[in-house]
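For reference, the structure is listed below as structure tokens.
Numbers restart at 1 for each chain; the letters A, B, ... are given by sequence-line order, proteins then strands.
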Amino acid sequence: MINSMLMWVIVAAPDGGEPSFSIAKMMAIIVSAIFINNYVLSRFLGICPFLGVSKQLDSAVGMGAAVVFVMVLATLGSWLVYHNVLVPNGMEYLRTITFIIIIASLVQLVEMILQKFSPALYDALGIFLPLITTNCAILGVAVLNIDDKYSLGYSLINSVAAGIGFTLALVLMAGLRERMETANVPEALKGLPLAFLIAGAMSIAFLGFAGLGG
Amino acid sequence: MSIAQDFSKGIMRENPVFKQALGMCPFLAVTTSVENALGMGAAATFVLVFSNFLVSLFRKVIPAKVRIPSYIVIIATFVTLVDLLMNAYLPALHQSLGIFIPLIVVNCIILGRAEGFANKNKVLPSIVDGVGMGFGFTLAMVIMATFREILGNGSWLGFNLLGESYQNQPMLIAILAPGAFILMAFILGFFNIMEKRKRGGAK
Amino acid sequence: MGEILRVGFMLMLVAVIAAVALGYVNSITSPIIAEQKEQAKLDAMIDVAGSLASGELTFDSLSVPELENPYAEVDETLAVVSVTDSTGTELGYLFVAYGKGYSSTVQTMIAVNTAGTVTGNTVLYQQETPGLGANVSNPARFLYQFDGLNASSLLLSKDGGGLDSITGSTITSRAVTNSVRDGLDALCEAGLIPVSGGAQ
């Protein structure tokens with residue numbers, strides 16, 4: 001009675017075939033990743049470095065740059081491996097394990113290359129790199145690009161925008177926290193609780209972007 | 001340290017969320033409902049217990065140099081296992097936890113316990129430590145989700161507590177992203193006050 | 001050198017064991033997952049089609065060559081299922097509408113009778129904001145309004161129609177409404193249902 005032709009696949013966001021590249025979609029992805037669905041303030045990805053490395057503006061900028069860098073490389077690597085190795089062999093279930101290995105080795109590689117060829121850059125970003133492996137925003141971007149069925153081009157754009165969104169949140173946070181350092185706040189809220197309150201206020205502000213795009 | 005202490009430290013004294021501020025991403029993201037909190041807690045506890053078990057079992061075999069990558073592979077394996085099992089048997093929960101299931105891999109609590117405890121301890125205490133930390137994480141999430149679900153949706157674990165009229169005009173902010181940050185600020189502030197009281201009393 | 005080889009070998013070993021173990025579990029769970037997905041879809045179909053008529057219903061997938069796919073941007077095929085009763089009378093159609101919402105593509109299954117009136121619906125998938133757009137899954141919040149409407153009256157009050165959107169979730173409400181209307185329009189164009197206005 002039930003015919004097997006009724007195979008409607010229920011998937012996250014089907015994005016049929018290889019879509020042609022459109023500027024409108026590109027802009028929508030960028031605005032969404034930076035403002036509307038900001039990875040930190042709305043999707044809750046990358047909270048650990050957001051709280052840990054936002055005490056000073058300088059280190060926030062450094063961390064942001066390192067994250068954008070690794071995010072793009074990780075997206076490139078994970079997208080290519082997923083679509084060229086895992087999918088053809090029916091091994092999609094190894095996605096998580098493959099992606100985390102790619103990210104961990106990339107971070108190692110970047111660290112070694114920077115150390116060798118650009119000591120100046122290494123000095124600036126070096127201390128942040130080991131922290132990046134466990135930054136869930138990186139793995140999050142890699143996984144979301146697959147879930148949202150983005151083509152490689154859109155994936156890369158999404159990862160750059162996500163990195164910029166992360167950096168924006170981090171830098172804003174650092175600026176606010178530097179000022180709060182000298183403010184007279186209740187004893188119980190000093191430190192982490194205050195950071196959360198500031199993040200909450202920023203998150204409310206970012207809710208205002210919800211009407212954009214759409 | 002006794003087995004009982006190994007278990008109980010994760011729940012209060014060294015609670016991964018409230019005392020160590022670890023595992024913040026899933027903690028803030030999935031606490032929109034108590035059901036999600038319990039699901040995420042169970043998944044994370046499962047991974048925590050098994051990764052602690054294996055890491056402790058092979059702590060003398062795995063070379064120190066590739067320690068961390070090996071742990072990550074072990075953790076990722078159990079995360080994938082949970083992902084597959086949940087998708088097969090609890091599809092609704094799997095859908096609502098979404099991307100945060102694969103992201104258990106980068107939950108700092110799990111790698112932290114592998115490196116900080118299971119790595120140096122015998123198998124049994126490591127398992128107990130995993131169970132305790134997992135319970136602590138789950139408990140913290142349930143507390144947070146209780147506030148958010150009651151305020152933001154008028155219900156607890158799906159049961160309507162505050163009535164239809166509240167559900168039509170709830171305190172939405174609690175369930176939205178800012179509510180998570182702000183409630184967490186107050187919870188941590190509360191713990192700070194308690195700690196100060198205790199220290200004041202001891203003097 | 002020997003050290004590096006030994007260490008590399010250990011790491012390889014860990015990875016291989018992990019991959020084999022997962023492959024085994026996957027071989028067990030993947031048929032269950034597939035079956036469970038198919039079952040969920042079937043349940044939804046039976047549930048939604050129940051609004052057309054009670055009793056035994058037969059589903060048959062339709063292929064209409066001239067049917068234009070309104071969801072080309074999100075899915076390559078528009079699947080339409082025709083519903084007939086035990087006597088072979090065609091009662092109506094089922095289809096899945098895809099609408100790009102706030103943070104996900106909302107998939108709504110719609111039952112429409114041969115007169116072009118929506119009789120039943122259910123949300124198959126959504127990942128909208130909890131507390132806001134996610135309320136679309138609760139029929140009493142929004143989708144109850146769809147029953148008895150045809151393509152011409154499927155419009156939010158904000159867009160000049162008569163449907164009240166979910167509070168604070170205009171984007172989700174609009175996505176669902178417009179995607180369903182697009183689907184009905186496509187059925188109209190294919191000649192499966194009469195042009196809007198048949199039933200008010």
Side-chain angles (χ1 to χ4, degrees), chain B residues 29-33 35-36 54-55 58 61-92 94-99 145 148-149 151-155 164 167-177 179-180, chain C residues 2-41 43-44 102-104 106-107 123-135 137-138 140-142 164 166-169:
Chain B
V30 306
T31 48
T32 50
S33 76
E35 191 189 344
N36 283 356
L54 281 191
V55 166
F58 295 121
V61 189
I62 296 174
K65 268 189 189 154
V66 289
R67 197 175 69 237
I68 302 286
S70 306
Y71 297 166
I72 290 179
V73 172
I74 291 173
I75 294 168
T77 308
F78 285 106
V79 170
T80 311
L81 212 64
V82 168
D83 196 358
L84 292 172
L85 292 173
M86 216 182 233
N87 198 353
Y89 299 106
L90 297 166
H94 184 262
Q95 204 190 78
S96 66
L97 293 179
I99 187 186
R148 291 183 74 188
E149 195 182 336
L151 290 176
N153 195 36
S155 60
E164 200 65 31
Q167 281 199 327
N168 287 333
Q169 285 298 329
M171 195 177 136
L172 255 186
I173 191 87
I175 221 165
L176 298 179
Chain C
E3 170 71 8
I4 288 179
L5 275 180
R6 202 176 63 86
V7 164
F9 176 74
M10 273 307 295
L11 199 54
M12 267 277 281
L13 198 68
V14 173
V16 167
I17 293 173
V20 170
L22 287 178
Y24 176 69
V25 173
N26 181 62
S27 69
I28 298 172
T29 55
S30 71
I32 301 176
I33 294 170
E35 188 190 324
Q36 173 267 118
K37 283 217 164 109
E38 197 58 17
Q39 189 61 44
K41 199 162 55 191
D43 289 346
Y102 182 62
S103 54
S104 64
V106 184
Q107 303 178 12
V123 172
L124 296 179
Y125 177 91
Q126 56 89 8
Q127 281 284 11
E128 301 293 283
T129 322
L132 291 174
N135 282 329
S137 286
N138 179 355
R141 284 296 178 91
F142 181 62
D164 297 323
I166 304 168
T167 321
S169 318

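When the heavy atoms of residues 24-34 of chain C are compared with those of chain B, the residues falling under 4.5 Å are Val25(C), Asn26(C), Thr29(C), Ile32(C), Ile33(C), listed by number.
Between Leu176(B) and Pro130(C), the shortest heavy-atom distance links the atoms CD2-O, 3.9 Å. In plain terms, the two heavy atoms of Val73(B) and Ala18(C) that are nearest each other are CG1-CB, 3.9 Å. Here the closest non-hydrogen pair linking Val7(C) and Pro63(B) is CG2-CB, 3.9 Å.
Looking at Leu81(B), the atoms closer than 4.5 Å to chain C (heavy atoms on both sides) sit in the backbone and in the side chain alike. Heavy atoms closer than 4.5 Å to chain C are found in both the backbone and the side chain of Ser70(B). Of the atoms belonging to Gln126(C), it is backbone heavy atoms, and not side-chain ones, that fall under 4.5 Å from chain B. For chain C, the nearby parts of Leu84(B) are the backbone and the side chain; heavy atoms of each come within less than 4.5 Å.
Shown here is Glu35(B), whose CD atom has no more than 12 heavy atoms of other residues, nucleotides or ligands within 6.0 Å.
The greatest number of non-hydrogen atom pairs below 4.5 Å with chain C, out of Pro91(B), Pro69(B), Gly152(B), is found for Pro91(B).
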For Gln36(C) and Asn87(B), run side chain to side chain contact (heavy atoms under 4.5 Å, CB included): C-alpha distance rounded to whole Å, both residues' side-chain angles, the deciding distance at 0.1 Å, then the answer.
CA-CA 9 Å; Gln36(C) 173 267 118; Asn87(B) 198 353; 4.3 Å; yes
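One N or O on the side chain of Gln127(C) and one on the backbone of Gln95(B) form a donor-acceptor pair closer than 3.5 Å.
Under the rule for a side chain to side chain contact (heavy atoms under 4.5 Å, CB included), the partners of Val61(B) that lie at least two apart in sequence or sit in another chain are Phe58(B), Met10(C).
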